[in-house]
Amino acid sequence: MAHIDLDDGIPGLPSLLRFRPETAGPLSVLAEALLRGPGPLERGERELIGAYVSELNGCRYCAGTHGACAAAQLPDGAALVERVHADPSTAPVSDRLRALLAIAAAVQKGGREVGEAHVAAARAAGATDVEIHDTVLIAAAFCMYNRYVDGLATAVPADPADYARFAERLVAQGYAAR
């Protein structure tokens with residue numbers, strides 16, 4: 001049960017966006033820009049970064065939703081998401097994405113945890129400054145979204161099929177259309 005009077009029939013972030021429409025617009029626009037806007041990272045890669053940070057933070061709603069969005073947009077689907085969540089160092093991703101996931105994991109621990117070695121490894125694997133920037137911003141934003149969703153104890157779907165339905169809508173319509 002949520003800590004505040006939310007519609008428990010609406011899980012996760014959408015219940016909070018509905019509760020406080022004044023903040024819904026900027027939060028939705030940020031998610032849209034980070035996950036679907038122009039940029040060198042593929043949409044599925046961005047979703048995977050967000051899902052991975054959410055998994056590290058233990059945010060079941062965001063890890064499930066964005067994991068499903070990543071799975072819907074990446075060639076190896078849910079199996080790849082599961083492998084990254086389990087251990088990105090052995091997951092079948094490019095060296096570039098593996099290095100970016102390491103940066104995201106460092107951000108999840110704390111912004112100052114990102115060191116020159118992380119950035120050098122990402123650059124050596126072919127990541128651009130824009131990809132490094134976007135990874136840090138996605139990871140930082142997901143830490144905020146995760147804490148927002150879990151800090152108010154929003155409802156979490158028990159059925160994995162719910163996440164696939166959320167992903168279908170988000171992949172097709174985006175985040176600003178909530």
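Numbering of residues begins at 1 and proceeds along the displayed sequence.
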Would you list the pairs meeting salt bridge (Lys or Arg N to Asp or Glu O under 4.0 Å) in which at least one residue belongs to residues 9-26, sequence neighbours left out? Arg20-Glu22
Applying salt bridge (Lys or Arg N to Asp or Glu O under 4.0 Å), which residue pairs with at least one partner in residues 71-94 are found, sequence neighbours left out? none
With sequence neighbours excluded, residues passing side-chain contact (heavy atoms from CB on, under 4.5 Å) with [X]:
| X | value |
| --- | --- |
| Val29 | none |
| Ala161 | Asp159, Arg165 |
| Phe19 | Ile4, Leu6 |

Can you tell me if Glu113 has over 12 outside heavy atoms packed within less than 6.0 Å of its CD? yes
Among residues at least two apart in sequence or on other chains, which ones pass side-chain hydrogen bond (donor to acceptor under 3.5 Å, both in side chains) with Ser54? Asn146
With sequence neighbours left out, what residues match Asp95 under side-chain hydrogen bond (donor to acceptor under 3.5 Å, both in side chains)? none
Pairwise distance [atom1]([X]) to [atom2]([Y]) - rounded to 0.5 angstrom:
| X | Y | atom1 | atom2 | value |
| --- | --- | --- | --- | --- |
| Cys69 | Phe166 | SG | CZ | 10.5 Å |
| Gln73 | Leu170 | CD | CG | 9.5 Å |
| Ile132 | Leu137 | CD1 | CG | 14.0 Å |
| Thr65 | Leu13 | OG1 | CG | 9.0 Å |
| Leu101 | Ser89 | CG | OG | 10.5 Å |
| Tyr148 | Thr154 | OH | OG1 | 10.0 Å |

Could you tell me which non-hydrogen atom of [X] sits nearest to which non-hydrogen atom of [Y], and how far apart they are?
| X | Y | answer |
| --- | --- | --- |
| Ala91 | Val84 | CB-CG2, 3.7 Å |
| Leu30 | Ala141 | CD2-CB, 4.3 Å |
| Leu17 | Ser28 | CD1-OG, 3.6 Å |
| Ala125 | Ala99 | CB-CB, 4.4 Å |
| Ala140 | Val107 | N-CG1, 3.7 Å |
| Cys59 | Val149 | SG-CG1, 4.1 Å |

Distance-only criterion, 3.5 Å: show the donor-acceptor pairs between side-chain atoms of residues 42-50 and protein atoms not counting sequence neighbours.
{"unit_1": "Arg43", "atom_1": "NE", "unit_2": "Arg36", "atom_2": "O", "d": "3.4"}
{"unit_1": "Arg43", "atom_1": "NH2", "unit_2": "Arg36", "atom_2": "O", "d": "3.2"}
{"unit_1": "Glu45", "atom_1": "OE1", "unit_2": "Glu42", "atom_2": "N", "d": "2.9"}
{"unit_1": "Glu45", "atom_1": "OE1", "unit_2": "Arg96", "atom_2": "NH2", "d": "2.9"}
{"unit_1": "Glu45", "atom_1": "OE2", "unit_2": "Arg96", "atom_2": "NH1", "d": "3.2"}
{"unit_1": "Glu45", "atom_1": "OE2", "unit_2": "Arg96", "atom_2": "NH2", "d": "3.3"}
{"unit_1": "Arg46", "atom_1": "NE", "unit_2": "Leu41", "atom_2": "O", "d": "3.0"}
{"unit_1": "Arg46", "atom_1": "NH1", "unit_2": "Leu34", "atom_2": "O", "d": "3.3"}
{"unit_1": "Arg46", "atom_1": "NH1", "unit_2": "Gly37", "atom_2": "O", "d": "2.7"}
{"unit_1": "Arg46", "atom_1": "NH2", "unit_2": "Gly37", "atom_2": "O", "d": "2.8"}
{"unit_1": "Arg46", "atom_1": "NH2", "unit_2": "Leu41", "atom_2": "O", "d": "3.0"}
{"unit_1": "Glu47", "atom_1": "OE1", "unit_2": "His66", "atom_2": "ND1", "d": "2.7"}
{"unit_1": "Glu47", "atom_1": "OE1", "unit_2": "Tyr175", "atom_2": "OH", "d": "3.3"}
{"unit_1": "Glu47", "atom_1": "OE2", "unit_2": "Tyr175", "atom_2": "OH", "d": "2.5"}

Which side chain to side chain donor-acceptor pair (under 3.5 Å) pairs, counting each pair once, include a residue from residues 98-112, with sequence neighbours left out? Asn57-Gln108
Can a salt bridge be assigned to the pair Asp129 and Arg123 using a cut-off of 4.0 Å between side-chain N and carboxylate O? yes
Only counting residues at least two apart or in another chain, list the ones meeting salt bridge (charged side-chain N to carboxylate O under 4.0 Å, His left out) with Asp7. none
With sequence neighbours left out, what residues match Glu116 under salt bridge (charged side-chain N to carboxylate O under 4.0 Å, His left out)? none
Are Val171 and Phe142 linked, directly or through other ILVMFWY residues, by side chains that come within less than 4.5 angstrom of each other? no
Quick one: ring pair (Phe, Tyr, Trp, His ring centres under 6.0 Å) partners of Tyr52, sequence neighbours excluded? none
Counting C-beta onward and ignoring hydrogens, is there a side-chain heavy-atom pair between [X] and [Y] closer than 4.5 Å?
| X | Y | answer |
| --- | --- | --- |
| Tyr145 | Val53 | no |
| Pro88 | Val93 | no |
| Tyr61 | Ser15 | no |

Using only atom types and a distance under 3.5 Å, with no angle test, would you say the side chain of Glu131 pairs donor to acceptor with the backbone of Thr128? yes
